[in-house]
Amino acid sequence: MVKAVVGANWGDEGKGKITDMLAENADIIVRFQGGANAGHTIVNDYGRFALHTLPSGVFYNHTTSIIGNGVALDIPKLFNEIQEVIKGGVPKPKILISDRAQIVMPYHILFDEYEEERLGKASFGSTKSGIAPFYSDKYAKIGFQVSELFDEDILEDKVSRICEKKNVMLEHLYRKPLLKPKEILDTLHEYRDMVAPYVADVSSFLDKALKENKTILLEGQLGTLKDPDHGIYPMVTSSSTLAAYGAIGAGIPPYEIKQVITVCKAYSSAVGAGAFVSEIFGDEADELRKRGGDKGEFGATTGRPRRVGWFDCVASKYGCRMQGATDVAFTVLDVLGYLDEIPVCVGYEIDGEVTTEFPVTAKLEKAKPVLKTLPGWKSDIRGIKEYDKLPENCRKYIEFVEEQIGFPIKMVSNGPGRDEIIYR
Ligand code: GDP
């Protein structure tokens with residue numbers, strides 16, 4: 001049985017918490033896309049952890065954590081993270097790395113920095129983790145696959161070809177120091193020795209696991225609106241954030257994904273540039289930002305303040321539809337308990353017309369939010385375990401959102417902890 005845990009919004013919906021929670025009853029957790037650019041924050045019995053590359057299932061003894069072929073594998077970052085987790089008292093996790101995963105090279109990170117610097121004000125707000133240059137190289141067929149680390153002839157030949165190409169850009173476009181083939185080869189050898197104990201034929205491993213009726217979780221990074229095809233292009237990430245891609249990025253048949261748990265946050269937050277229709281500003285935004293998440297809305301990777309706004313029914317309905325949501329997990333609802341009234345974005349006004357269908361980016365830039373205001377519940381809902389015990393206005397908020405998005409809210413998260421969850 002395969003379940004995907006994915007985001008309906010711009011990321012930071014709380015997928016890490018939901019995955020950590022569901023991992024208790026899972027055997028295998030797979031990261032299938034993205035890299036160390038976004039982070040999941042997890043609060044559990046061992047403490048508070050910011051994971052970037054490791055799946056959020058590493059905290060259990062019984063699980064296997066997998067880095068799938070679709071991931072942008074930053075080897076030094078992965079190793080630091082493993083050390084951090086062990087230092088935090090967590091038992092040494094069982095980790096497998098796909099022999100088909102590709103490697104983020106130090107020059108990908110440099111190119112990311114140089115490009116953002118070159119773009120100046122027009123920059124994408126990249127986390128400068130090398131993700132866009134990495135995926136560009138993957139599709140330009142000049143990436144390094146983990147399997148290639150073990151073939152010296154391939155490595156040497158590829159390194160010299162890559163340096164030739166990259167150095168033209170470094171010299172003429174960026175005017176930065178050139179790459180030295182010997183240094184790159186040394187790095188690759190170091191990486192080979194680091195990953196060697198973990199490398200596996202992941203799709204065979206998962207095939208066997210499926211035959212043995214194991215439970216597999218696919219953990220997505222970011223959310224629908226950051227998908228390169230279906231998101232707010234070009235202000236998107238470079239790998240697909242959709243559950244459908246989970247089949248490819250892990251190496252399993254698409255029909256095995258039986259449940260798509262789509263995590264949707266009770267208000268909006270986003271990092272980086274791009275249209276954000278229900279965004280709020282000033283004191284109102286500062287207040288929500290300060291109270292958001294478990295320690296305020298600040299990026300887990302960069303510490304940057306996140307942009308915040310009211311819940312967006314248009315974006316979330318689309319976000320759930322593109323994921324193919326079977327279950328919506330509605331998260332971080334406790335944070336809204338301070339508000340007298342809670343505005344919700346129920347439509348977009350574009351060129352004088354109101355729509356509830358999420359538009360392409362050029363139209364999105366022109367959209368103005370149509371807001372409906374719901375009464376707040378003015379109380380702390382943390383600690384409540386049953387749906388019926390939630391304040392009436394809180395239930396009304398959930399039910400209103402559910403009707404607007406058209407997908408069933410089956411879980412409500414009312415705190416960052418593993419057990420702070422209400423099933424419906
Ligand atoms: P992810 O990338 O989707 O895993 O999300 P992040 O980890 O970046 O952001 C979610 C933040 O909200 C983290 O700081 C979590 O600890 C926190 N969080 C998750 N669920 C809840 C919740 O129900 N209530 C509160 N207050 N915080 C939550």
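Just so you know, ligand 1 is whichever comes first in the structure, and atom 1 is the first atom listed for that ligand. All values derive from a computational prediction rather than experimental measurement.
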Parallel, tilted or perpendicular: rings of Phe59 and Phe49 (30°, 60°): tilted
Close N or O approach ([X], ligand 1; < 3.5 Å):
| X | result |
| --- | --- |
| Thr331 | no |
| Val43 | no |
| Gly11 | no |
| Ser413 | yes |

Considering only heavy atoms, does [X] approach ligand 1 within less than 4.0 Å through its side chain, its backbone, both, or neither?
| X | result |
| --- | --- |
| Asp334 | side chain |
| Asn414 | backbone |
| Met21 | neither |
| Lys17 | side chain |

Run the contact test for Gly7 against ligand 1 with a 4.0 Å cut-off on heavy atoms, strictly below, and give the result. no
With a 4.0 Å cut-off on heavy atoms, is Arg306 touching ligand 1? yes
Could you walk me through whether Val236 and Trp10 pass side-chain contact (heavy atoms from CB on, under 4.5 Å), step by step? CA-CA 9 Å; Val236 292; Trp10 298 263; over 6 Å; no
Answer yes or no: is there an ion pair linking [X] with [Y], defined by an N-O contact shorter than 4.0 Å?
| X | Y | result |
| --- | --- | --- |
| Lys211 | Asp207 | yes |
| Lys15 | Glu219 | no |
| Lys363 | Glu353 | no |

Pick from Pro416, Gly337, Ala50: the one approaching atom 18 (N) of ligand 1 most closely through a non-hydrogen atom: Pro416
Given Leu333, Thr41, Leu336, Ile18, which one has a non-hydrogen atom that is nearest to atom 6 (P) of ligand 1? Thr41
Which of the ligand 1 atoms, numbered from 1, are nearer than 4.0 Å to a heavy atom of [X]:
| X | value |
| --- | --- |
| Gly16 | 1 (P), 4 (O) |
| Val335 | 26 (N) |
| Lys15 | 1 (P), 2 (O), 3 (O), 4 (O) |

So does Tyr233 have more than 12 non-hydrogen atoms from other groups sitting under 6.0 Å from OH? no
Does any pair with a residue in residues 265-282 pass side chain to side chain donor-acceptor pair (under 3.5 Å), and if so which ones, sequence neighbours excluded? Lys265-Ser269, Lys265-Glu297, Tyr267-Glu297, Glu279-Arg307
Please determine if Lys317 forms a cation-pi arrangement with Phe407, meaning its NZ or CZ atom is less than 6.0 Å from the six-membered ring centre and no more than 45° off the ring axis. no
Measure the NZ-CD distance between Lys87 and Gln83 for me, rounded to the nearest 0.5 Å. 8.0 Å
Among all residues two or more places apart in sequence or in another chain, which pass the salt bridge (Lys or Arg N to Asp or Glu O under 4.0 Å) test with Lys372? none
